Amino acid sequence: MSLPMFPPGDGPGPSFTELLHRVGLDPPTPRAQGGNPPMELRHGTTIVALRYGEGVVMAGDRRATEGPTIAHRALDKVFEADRHSGVAIAGAAGPALDMVRLFQTQLEHYEKVEGVTLSLEGKANQLGQMIRQNLPMAMQGLVVVPLFAGYDNRRGVGRIFTYDVTGGRYEEADFHATGSGGRDARTTIKLGYREGIYKATAIELAIDGLYEAADEDSATGGPDVVRGIYPTVATITAQGFQHVEDSEVAERFGNLIEQKKAMGQRP
Amino acid sequence: MSMPFYVAPEQLMKDKADYARKGIARGRSLIGMACEDGIVLAGENPSGTLHKISEIYDRIAFAGVGKFNEYDQLRQAGVRHADIKGYTYSREDVDARSLANSYAQIIGQVFTHDIKPLEVEILVAEVGSAPGHDQLFHISYDGTVVDERNFAVIGGEADAIAERVERDYREGISLADALKAAVRALAGPDRQIDPGELEIAVLARSRPRRAFRRVEAAETAQLLA
């Protein structure tokens, strides 16, 4: 592979997507024809994000479905976008995973070429543009709706951004959940949410949201004690993006069930 | 129609080489050194924002001396090359050797075909999984690539500095000792360099993915103490 050199003033700048376009490697986008895709697609489902005192918690269930069948039991839907931000995916799994990889490269590429990281706002807008570019695919049913969250180093707070299929970007005040079980997760989190909660409470609330979503939505996977598969949980603070260990998530699930029982609920 | 004067190819190449060497000699030199904890890169740079040493990819760093705009253009091309390769194939398929060869092609091409050669010398470093597996590629203004062992010096006073490094270097040297040796060699016998005047970066072996990190002035002073 030769070195991509461009004449001064005519380069792709710090944008990796523009660079792919310039070297002729950008993925072809099918023209919008409307209607549904001719085959069953893999879908990823419930993802949540909520703010707490020091930053943001992101979590996602592990199930991918292909129509009525379970296509994958241990799919990760929460990814580190860069050191201080994360992205979680819901929708058509294939294009969504592709978008995550492109987004990660885009952020790192900018950082390396420019020598500084993009602002959180800038990263959120970049993701919005990528979703916008996916619109022709979305018209054919390949919908990708990610959730973006990160720690804003300039303001010293955690922030959450949601999107619609057109790439519209909306900032959420405290929490959000999307995917087919998103509504159930959102309600659960709403009932337990308080401003400035601690990290432990935030993680518990996130997994409670996913648990209730899995209870109502067939496409959302609950905790799988037999295989030891638990939701992906991550925190993003001033110290950066960090995955919460599976063992900790398992323990918190245990506590959650015990609490529900102690309160006289049937879990 | 005017006829150009005949110039012997030997003379032409020699003139270009002299020109490039003179340009490079105007700036300060830079050292890349393999140590126990990874690869340390150190050079004199009074600017805190116009970097000579930068990150290319997960395990690869770039250092350049000479004309800033020329090596910075090469650095950006390197980042582009690496990111495209990592995105198209896989992150582990990006390696310093292929990048160094691409650099050599470009620099060599400019040296032979353009009127003005690039007044740069660059270093491409890749940290390995264990000590002894580090790679240092030194690419000269004419496109010559040298695969250096243990350490490499680029810049005008490279030979004198390399001699001084040779005296202090031993295999399995610690990061602090490597840095001390590098700074001593850069300064020479009758000069002291202020930590604020140094640009230092490390490709740290132990870091999980992106090995590159800059060592700021406060940490530099601590390591040199």
Side-chain angles (χ1 to χ4, degrees), chain A residues 1-28 76 79-86 95 97-118 126 130 133 234 239-243 245, chain B residues 47-58 60-62 68-70 72-91 93-95 97-110 114 118 122 124 139 143 199 201 207-210 212-214:
Chain A
M1 205 162 73
S2 68
L3 217 52
M5 300 280 278
F6 300 93
D10 192 32
S15 167
F16 185 69
T17 45
E18 178 62 22
L19 172 64
L20 284 184
H21 177 66
R22 290 290 295 269
V23 297
L25 282 172
D26 48 354
D76 270 323
F79 302 91
E80 178 175 356
D82 72 349
R83 204 169 124 67
H84 285 105
S85 65
L97 292 174
D98 249 6
M99 192 183 285
V100 168
R101 211 158 72 88
L102 188 61
F103 184 53
Q104 288 168 328
T105 314
Q106 174 84 335
L107 297 188
E108 193 186 311
H109 190 74
Y110 182 96
E111 185 188 329
K112 288 189 292 194
V113 171
E114 290 288 301
V116 288
T117 49
L118 264 172
Q126 280 289 309
M130 283 183 188
Q133 269 160 11
Q239 277 74 47
F241 182 98
Q242 212 161 20
H243 273 293
E245 293 290 326
Chain B
S47 166
T49 44
L50 300 173
H51 297 300
K52 291 182 170 184
I53 307 166
S54 312
E55 175 186 20
I56 293 278
Y57 210 64
D58 294 353
I60 305 172
F62 171 99
F68 179 79
N69 67 325
E70 291 181 353
D72 198 59
Q73 207 190 359
L74 290 169
R75 173 190 70 85
Q76 288 191 13
V79 171
R80 288 180 179 137
H81 168 96
D83 276 345
I84 290 177
K85 206 170 170 193
Y87 180 74
T88 318
Y89 305 109
S90 136
R91 295 201 83 89
D93 294 315
V94 181
D95 62 330
R97 188 193 48 79
S98 133
L99 181 64
N101 280 330
S102 300
Y103 275 138
Q105 302 267 335
I106 293 281
I107 298 175
Q109 171 86 8
V110 173
D114 287 12
L118 292 174
I122 59 173
V124 178
I139 301 127
E199 180 181 350
R207 280 166 80 104
R209 190 166 71 82
R210 290 169 75 176
F212 186 87
R213 79 180 173 91
R214 294 193 184 280

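Within every chain, numbering begins at 1; the chains are lettered A, B, ... in the order of the sequence lines, protein sequences first and strands thereafter. Everything numeric in this text was worked out from a predicted model, so none of it was measured.
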Partners passing ring pair (Phe, Tyr, Trp, His ring centres under 6.0 Å) against B:Phe68 (at least two apart in sequence or in another chain) |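 Here the qualifying residues are B:Tyr71.
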
Side-chain donor/acceptor of A:Arg101 to backbone N/O of B:Tyr87, under 3.5 Å =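 A pair under 3.5 Å: yes.
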
Taking the side chain as every heavy atom from C-beta outward, state whether [X] and [Y] have any pair of such atoms under 4.5 Å apart.
X: A:His109; Y: B:Arg80; value: yes
X: B:Arg210; Y: A:Glu108; value: yes
X: A:Lys112; Y: B:Tyr57; value: yes

Greatest number of heavy atom pairs closer than 4.5 Å to chain A - which of B:Asn69, B:Asp83, B:Asp72, B:Thr88 |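 Most pairs with chain A among the choices: B:Asp83.
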
Answer with side chain, backbone, both or neither: which region of [X] has an atom nearer than 4.5 Å to a non-hydrogen atom of chain A?
X: B:Glu55; answer: both
X: B:Ile106; answer: side chain
X: B:Tyr103; answer: both
X: B:Arg209; answer: side chain

Does B:Arg91 CZ have over 12 foreign heavy atoms under 6.0 Å away?
->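 Yes, CZ of B:Arg91 has more than 12 neighbouring heavy atoms, counting only those of other groups under 6.0 Å.
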
Should the heavy atoms of other residues, nucleotides or ligands under 6.0 Å from CD of A:Glu114 be counted, would the total exceed 12?
->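 Counting other residues, nucleotides and ligands, CD of A:Glu114 exceeds 12 neighbours.
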
Calculate, to the nearest 0.5 Å, the distance between atoms CZ and CD belonging to A:Phe6 and B:Gln73 respectively.
->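 One finds 10.5 Å between CZ of A:Phe6 and CD of B:Gln73.
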
How many angstroms lie between CD1 in B:Ile84 and OG in A:Ser2, if you round to the nearest 0.5 Å?
->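 Atom-to-atom, B:Ile84:CD1 and A:Ser2:OG are 8.5 Å apart.
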
What part of A:Val23 is in contact with chain B, defined as an atom under 4.5 angstrom from a non-hydrogen atom: side chain, backbone, both or neither?
->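 The side chain, not the backbone.
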
Structural part of A:Gln104 lying under 4.5 Å from a heavy atom of chain B =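 Interface part for A:Gln104: neither.
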
Find the one option among A:Pro8, A:Pro12, A:Gly11 whose heavy-atom pairs under 4.5 Å with chain B are most numerous.
->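 Of the candidates given, the most pairs with chain B belong to A:Pro12.
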
Least distance between heavy atoms, B:Arg75 atom then A:Val113 atom =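 The pair with the smallest heavy-atom distance is NH2-O, 3.0 Å.
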
